[in-house]
Each structure stands twice: as structure tokens, then as C-alpha cells.
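Hydrogens, waters and symmetry mates play no part in the numbers below; they use all other heavy atoms, side chains included. Everything quoted here is computed from the prediction, not taken from an experiment. Below, read A as the first sequence line, B as the second, and so on, with proteins coming before strands; counting in each chain starts at 1.
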Number of protein chains: 2
Amino acid sequence: MLDQDLVSQEYFYNFLTGKYSIAVMRRLQRNLKEAGLSITSEQWSIMYNLWVEEGLTQQELAIRTFRDKPSVTRLINNLERLNLVIRVNDKNDRRSNLIYLTKIGRKMKEEGMKQANNTIEQALGGLTDDQIALSHTTLHRVLFNLK
Amino acid sequence: MLDQDLVSQEYFYNFLTGKYSIAVMRRLQRNLKEAGLSITSEQWSIMYNLWVEEGLTQQELAIRTFRDKPSVTRLINNLERLNLVIRVNDKNDRRSNLIYLTKIGRKMKEEGMKQANNTIEQALGGLTDDQIALSHTTLHRVLFNLK
DNA sequence: CGACACAAGTTGCGTAAACAACCATAACCA
DNA sequence: TGGTTATGGTTGTTTACGCAACTTGTGTCG
């Protein structure tokens with residue numbers, strides 16, 4: 001491969017190294033902070049899934065956030081320390097923890113989603129609905145390919 | 001915002017939480033490992049920029065990889081320990097370090113780029129050139145918006 | 001029933017991240 | 001020229017990640 005190919009394919013390599021994603025997550029982090037929510041974007045991703053559905057197992061959260069089990073264990077540890085979620089041992093399968101939001105965690109939903117939507121608007125500004133929809137298809141395929 | 005909106009907009013929130021990027025970077029990591037290259041995907045992103053152009057400052061590497069200065073400092077530390085790069089103090093501006101590849105680092109280019117291209121092929125399999133080009137436009141805009 | 005595979009979660013270790021504070025050198029400009 | 005500002009890099013702290021190894025509890029099947 002020639003050097004000029006390296007450069008012309010820069011987009012692909014930016015994708016490989018997470019450049020786009022770093023940009024988006026950093027902005028989300030900043031927006032959350034400015035809104036007075038002291039959670040990280042990673043913690044947000046757990047909270048988001050619980051806002052959609054409570055009582056998920058850590059395993060299920062790992063799948064939905066595409067993180068591994070140890071990462072989820074530690075994210076839940078930190079969220080529990082912040083009094084945003086609690087672990088409830090599953091009576092039917094004592095291996096599992098079911099994760100529930102606390103009152104504070106539930107109350108955070110409104111502002112948390114607002115900042116998420118802000119971030120998305122900032123990221124996608126100037127793009128048409130068609131462009132966005134097509135990228136959706138593409139990224140969905142990427143996830144399917146790599147799963 | 002209603003709960004069903006949460007779900008229908010799932011794509012956006014996956015983007016926010018870096019789900020796509022995690023998938024790609026993890027695959028790159030795996031491909032590198034299977035090819036016998038013991039570097040992380042983050043280290044790869046530094047090496048890639050040096051394969052394109054040697055003698056960059058850490059500041060310039062930070063901009064090109066969209067990472068902050070401390071991250072680059074530590075990535076270079078680790079790459080130096082692996083004997084893949086060296087810091088050379090700039091005679092003209094003694095604040096700067098110019099980063100050069102070692103022989104080993106240069107030799108790694110071929111296999112490193114091969115695995116990167118493998119990863120991209122795996123990620124984009126089944127997508128048309130048009131789809132890919134459009135996503136390129138979209139992601140480029142995202143970066144522009146958030147820069 | 002009991003051995004064995006499997007699944008959920010945790011812990012250990014090395015690496016990487018953001019942010020803030022800091023040092024050294026260079027550039028600016030009054 | 002001398003003080004202020006800006007820039008390149010490092011260090012400290014907390015958080016997060018990936019992988020491997022481990023514990024505990026469930027399911028399976030001879």
C-alpha cells in the first residue's frame with residue numbers, strides 16, 4: 001500500500017481509532033457536566049438502558065452497552081456509590097443481580113435525556129434526515145458484521 | 001419524551017455511548033493480536049500517524065488522533081518502552097519532542113496496515129460504495145460540528 | 001444422585017481516558 | 001529588555017477498559 005492511499009483512506013482509519021466516537025462522548029460528558037449532572041458518559045449509557053427498562057441483569061446490561069461483564073460490574077459499583085442504582089439479588093436465579101434505579105436515579109432521567117438529545121443535535125447539525133437515516137443503516141450493518 | 005421514543009431513537013443513543021466504535025476497536029485489537037502484533041488499538045492510532053509522517057510533535061499527534069496531551073504522553077511512553085518509537089528533542093524548539101519510528105516500528109507498518117484493512121473490510125462487509133461514501137460525509141460533518 | 005458443563009458475577013492486572021495543576025521554553029509587546 | 005502570555009510536555013488522581021482467572025449457583029445427562 002502506498003503512502004497516498006494511507007492518506008486518502010484517512011476516514012476509515014479515523015473510524016478504526018474511534019475518533020468520531022471520542023468526539024461525541026466528550027461532548028456528551030461536557031453537556032452533562034454543564035447541566036450539573038456529575039456522571040460520566042459511560043455511566044450515562046447504563047442509566048439510559050435502565051431508564052428504558054429497569055430490573056435488567058448485569059449480563060443484559062453488558063450486551064446492551066456492548067461492554068464486557070467486568071466493566072459493567074465496576075460501573076454498577078460506582079453508580080451504587082452515587083446512590084443512583086441498587087443491586088437486588090434475583091430470588092429465582094441467585095446468580096443474577098437485578099439492577100433498579102433509586103429515586104434519585106429516576107429523577108435524573110429528564111435532565112439526562114435532555115442533555116443526550118442536545119448532544120445529538122449538536123453532532124448532527126446541518127445534516128439532512130436522509131443522510132442521517134443512511135448512516136443509521138450503515139452503522140447498524142457494522143454492528144451486525146462485528147457482533 | 002415518551003418511552004417509545006427512547007427505543008425508536010436507539011440508534012442515536014448507541015452512537016452517543018460509543019457502541020459502534022467499541023465494536024470496531026475491539027475487532028482491530030483482536031486482529032492485531034492474532035497477527036502477532038502486541039499493540040493496542042490506541043497505540044495503533046499513534047503508529048498509523050507516524051507511518052504516514054515521521055517526526056511529528058506530541059501536540060500534532062494529539063490533534064491528529066483527537067486525544068489530549070497527557071494521553072499522548074503516556075502512549076508514547078509505552079511505545080518507547082516497546083522500542084517502537086523514540087523521542088528526539090527538537091533543536092529549534094526545545095519545548096518539543098519529535099517522534100520517530102525505530103527500525104522495529106517501521107517494520108511493523110506492513111502487517112499493521114494489513115490488519116487495519118482487514119478490520120475495515122470485516123466492518124463494512126455487505127455495504128455498497130455509495131453507502132460508505134455517504135457515511136463518510138456524515139461522520140465528517142459530525143467531527144466538524146464537535147471540533 | 002453426582003459429575004460436568006455452563007452461566008452470572010467478581011477480582012487482578014496492565015493499559016488508557018479526562019481534567020487539573022504544573023514546569024520549561026518560546027513569543028509577544030510595552 | 002523584562003514581564004506577561006502562550007505553548008509543549010509531564011505528573012497526579014479518578015474512572016474506565018480488555019482479558020484471564022476465579023467463585024458461586026444452575027442445568028444436564030448418564
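- Aromatic ring orientation, B:Tyr11 versus A:His136: parallel (interplanar angle below 30°, classes split at 30° and 60°).
- No N or O donor and acceptor, one from the side chain of B:Arg74 and one from the base of C:dG14, sit under 3.5 Å apart.
- Among the protein residues, A:Thr73 comes within range of the nucleic acid bases, having at least one heavy atom under 4.0 Å from a base atom.
- No more than 12 heavy-atom neighbours from other residues, nucleotides or ligands sit within 6.0 angstrom of CD on A:Glu110.
- One interatomic measurement links the two molecules: CG of B:Asn77 to C1' of C:dT15, which rounds to 12 Å at whole-angstrom precision.
- Taking atom CZ of residue A:Arg27 and atom P of nucleotide C:dC19, one finds them 12 Å apart after rounding to whole Å.
- As rounded to whole Å, 10 Å separates atom C1' of C:dA16 from atom CD1 of A:Ile22.
- Listed by residue number, the members of residues 79-100 of chain A with any heavy atom below 4.0 angstrom from DNA chain D are A:Asp93, A:Arg94, A:Arg95.
- In this structure, B:Gln58 places its CD atom 16 Å from P of C:dT25, rounding to the nearest Å.
- Look at B:Gln29 and you won't find any side-chain N or O under 4.0 angstrom from OP1 or OP2 of D:dC17.
- Across the interface with DNA chain C, nearest-nucleotide mapping of A:Arg30 and A:Gln59 shows A:Gln59 to be the residue nearer the 5′ end.
- When distances are taken from the side chain of B:Lys69 to each of C:dA16, D:dG9, C:dT11, the shortest belongs to D:dG9.
- With C:dA17, D:dA20, D:dC17 as the choices, the nucleotide that has an atom nearest any side-chain atom of A:Pro70 turns out to be D:dA20.
- For the pair B:Asp68 CG and C:dC19 P, the interatomic distance rounds to 7 Å; values are reported in whole Å.
- Across the interface with DNA chain D, nearest-nucleotide mapping of B:Leu56 and B:Lys33 shows B:Leu56 to be the residue nearer the 5′ end.
- A donor atom on one side chain and an acceptor atom on the other are not found under 3.5 Å apart for B:Thr102 and B:Asn83.
- To the nearest 0.5 Å, atom CD of residue A:Glu54 and atom CD1 of residue A:Ile99 are 10.5 Å apart.
- Nucleic acid contact for A:Thr40: sugar-phosphate only, since backbone atoms but no base atoms lie under 4.0 Å from a heavy atom of the residue.
- When rounded to the nearest whole Å, the span between CD1 of B:Ile63 and P of D:dG9 equals 10 Å.
- Within a 6.0 Å radius of CG in B:Asp129, no more than 12 heavy atoms belonging to other residues, nucleotides or ligands are found.
- Residues B:Asn77 and B:Arg74 bring no donor and acceptor atom of their side chains to less than 3.5 Å of each other.
- As rounded to whole Å, 11 Å separates atom C1' of D:dC17 from atom CE of A:Met25.
- Between the CD1 atom of B:Ile76 and the P atom of C:dA17 there is a distance of 12 Å, given to the nearest Å.
- The pair B:Arg64-B:Glu53 meets the salt-bridge criterion, since a charged nitrogen lies less than 4.0 angstrom from a carboxylate oxygen.
- Each of C:dA20, D:dC17, C:dT15 was ranked by its minimum atom distance to the side chain of A:Leu75; first place goes to D:dC17.
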